[in-house]
Amino acid sequence: MNMTTHFPAGADLAYDVIVLGSGAAGFAAAVTASCRGLKVLLVEKTEAFGGTSAISGGAIWLHDTDQARAAGHHLSADQMRCYLKQVIGAGYNPELIDSFIDNGREALRFLETHSELKYSLRPLSPDYYPDLPGGTQTGRALEIDEYDGRKLGEHFKDLKRPPDGMLLFGGMMVNRVDIQHFLSFKRSPRSLWHCLKLMGRYALDRLNHPRGTRLTVGNALIARLATTAFANGVDLWLQATPEALLVDQGTVKGVQITWRGQTRNVFAKGGVVLAMGGFAAGAQAAQQRPVTDSEHWSMSPTANVGDGQRLAASVNAAIGDNLAANFFWAPVSVLRKADGSQERFPHLVTDRAKPGVIAVNRAGRRFVNESDSYHCFVEGMFANGGANAPCWLICDSEALNRYGMGLARPRPVDNSALIDAGYLLRADNLAELALIAGIDATALEQTLAQFNADATLGVDRQFGKGSSAYNRYMGDPLHKPNPCLKPLHKAPYYAIRLFTGDLGSARGLITNGQANVLDRSGAPIPGLYAAGNEMNSIMDGTYPGPGITLGPGITFGYLAASDIAARLDRSTTQQPHTGEQHVLRTAHLHD
């Protein structure tokens, strides 16, 4: 596409597309647009690119991908619709779900064909409710392939670094497969060899880099898209603040942006894509989640304060309402360091489902199936008026030595610093543990007695831990008969306090199936798009499977850029430029 860009009166710079936000949805839009020959500006508010996506698990959940088909898992669209109707319920939106189902494979295929993006099908990855009609154990979840961060060149230093708690040895990234190998290296020669290779690569990396360059999970996803974006000439502005939308006769025409000490009016000939990550770190978030007397911790970057919604409000954009949940929940533990800083750890996949681990509330009672999804776990914490928040994750010495728990690592790592900091509680018996944790000691003894009796038989009669395919997938596949159950009987005992937390906001801007933002009357706002957590969740705040934020994120980022490219194609062939100029109106955040 070869087009001449004309500056409207009052514009300092001009692009075909402006993308606000550098997470997976934003990069998917930027890469798609740049691959279609468009000139793209990518704007990031912070000093590093990648957003929440860069510190995520990187998995995507899509219908009937080429990878699934190649592995013989050709699932029907009706099966996907059936499953999502069961999970989402009253919030099911046929237009958005159909667009996601119909375009997900196309989006991934385009990005894999035209960029460095590369995904592989997880050989086993059950949906989070695999026993519901339409649920499946394999075929929808894909894992991002690892990536060599050195391919980013000078941009590697600007890629968002994962929190220390998600790294090994101070800077080595690992994925789900790597974690299982580290947990099994004493029992499996194959796992031992895998771990030795990873540590050898990491040792070489540290000779020349501040952290490992073998990128996995969300870092690999962002790095793969970013490498192509930069090669295609996408301009990235870091530490740039979008101040207002520029509007001409009801059409969004650009963005007023403060960057490097100057405020500029930047024209977007085709449109503006909002992908700024939602509002989970904003002050308004507290009013949009259930009330408890517990602290709440979000894993969303501190810059995700709702700028996209405030920008869009100036053009009367509609925002989702009455979602099943306004956030994607996850339990979070917090290490309070001596220097006053805090490190947050989301308990997603490494501990809750493992044998020898249970969760109890302050009354000393279990309240949830610990091996259900992180979203379900926090729903259990919020139940009964928040009586289960905060709660305690408890294990015995065998479980800690084998699997670790939270920031505590398996043997031979010394976790004494975490004990000294008060993050990891240690006690020689259950009564002592209950005392220092503030848990009812008698109830805790009764809870453990009942759980241990069931675990010996391999059946959790109270909550069914290990009863579903997803539960068992999250446990220890080498532990029999139930990969999620083992009695807690070997002192010392350990506990970590869990708070309610989230991975980001689900409530966002209402869009149509092309990611075009709608106004409060239901009409599309010309030139304005939303994707990722900026877009109202097509899952309505439910969590059907792994990757249900990133899958729709890249799909609707792709659709937004494709719609812009198609409109620009039509305008170039059907409406030649006449030389007429319009004065842009600045729609400020406070309008």
Side-chain angles (χ1 to χ4, degrees), residues 55-59 122 124-126 128 141 143-144 162-170 172-188 191 194-195 198 216-219 297 299 328-335 343-359 368-378 391-413 415 418 423-424 465-466 470-479 483-486 488 494-499 501 503 543 546-547:
I55 59 174
S56 72
R122 285 183 178 174
L124 174 64
S125 185
Y128 286 173
E143 197 90 63
I144 188 69
D164 289 342
M166 299 175 69
L167 301 170
L168 295 182
F169 312 117
M172 185 173 86
M173 296 201 70
V174 291
N175 58 26
R176 183 186 300 262
V177 173
D178 300 331
I179 291 172
Q180 193 58 53
H181 280 301
F182 273 103
L183 294 177
S184 305
F185 79 93
K186 290 184 177 180
R187 297 174 286 169
S188 166
S191 291
H194 182 91
C195 296
L198 292 187
T216 64
V217 293
N219 248 216
W297 296 87
M299 293 303 298
F328 302 111
W329 304 124
V332 174
S333 59
V334 181
L335 168 64
E343 183 175 347
R344 309 174 191 187
F345 183 86
H347 292 251
L348 306 180
V349 300
T350 58
D351 50 24
R352 292 179 296 105
K354 296 298 188 287
V357 178
I358 65 167
V368 73
N369 179 341
E370 296 90 346
S371 51
D372 277 349
S373 76
Y374 33 93
H375 188 80
C376 287
F377 187 94
V378 175
C391 67
W392 293 91
L393 206 60
I394 295 176
C395 72
D396 67 358
S397 61
E398 284 186 349
L400 186 75
N401 290 338
R402 178 163 291 178
Y403 309 111
M405 189 167 66
L407 291 170
R409 304 302 189 195
R411 184 180 284 177
V413 174
N415 293 305
L418 296 177
Y423 172 84
L424 180 68
K465 185 179 183 185
Y470 173 72
N471 286 182
R472 294 186 290 274
Y473 169 69
M474 296 300 295
D476 179 356
L478 300 180
H479 180 79
C484 302
L485 293 179
K486 184 187 76 65
L488 284 73
Y494 298 88
I496 292 175
R497 181 156 49 182
L498 301 188
F499 301 95
L503 303 175
Y543 220 116

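- Between Ile394 and Leu488, the closest heavy-atom pair is O-CD2, 3.8 Å.
- Scanning both residues, Ser333 and Leu498, for their nearest heavy atoms gives CB-CD2, 4.0 Å.
- Side-chain atoms of Asp351 come within 3.5 Å of backbone N or O of Gly406 as a donor-acceptor pair.
- Taking the side chain as every heavy atom from C-beta outward, Pro355 and Leu485 never approach each other to under 4.5 Å.
- The backbone N or O of Leu400 sits nowhere less than 3.5 Å from a side-chain atom of Tyr494 that would complete a donor-acceptor pair.
- In this structure a side-chain-to-backbone donor-acceptor pair under 3.5 Å is present from Arg352 to Asp372.
- Judged purely by atom type and a 3.5 angstrom limit, Lys354 has no side-chain atom pairing as donor or acceptor with the backbone of Pro483.
- Using modelled atom types, one side-chain atom of Asn471 and one backbone atom of Ser371 make a donor-acceptor pair closer than 3.5 Å.
- Proximity of Ile496 to Phe345: side-chain heavy atoms (C-beta onward) are nowhere separated by under 4.5 Å.
- Taking the six-membered ring wherever Trp is involved, the centroid distance between the rings of Tyr374 and Tyr128 falls below 6.0 Å.
- Minimum heavy-atom separation, Ala353 to Lys465: O-CE, 3.7 Å.
- Listed here is the closest heavy atom pair of Ala408 and Tyr423: N-CE2, 4.4 Å.
- Minimum heavy-atom separation, Leu393 to Ala359: CD1-CB, 4.0 Å.
- The SG atom of Cys395 lies 9.0 Å from the NZ atom of Lys486; values are rounded to the nearest 0.5 Å.
- For the pair Asp476 and Arg402, the minimum side-chain heavy-atom distance is below 4.5 Å.
- Checking Pro546, Cys376, Ser373, Ser125 one by one against Tyr470, the side-chain contact (heavy atoms from CB on, under 4.5 Å) holds for a single residue, Ser373.
- Counting heavy atoms from C-beta on, the side chains of Ser56 and Leu503 never come closer than 4.5 Å.
- Residues Leu124 and Tyr473 form a side-chain contact, since some pair of their non-hydrogen atoms from C-beta on lies under 4.5 Å apart.
- Screening Glu370, His347, His375, Arg497 for a side-chain contact (heavy atoms from CB on, under 4.5 Å) with Pro331, the sole residue that qualifies is His347.
- Minimum interatomic distance between Ala399 and Val357 (heavy atoms only, all atoms of both residues): CB-CG2, 4.3 Å.
- Using a 4.5 Å heavy-atom cutoff, the side chains of Tyr403 and Thr350 are not in contact.
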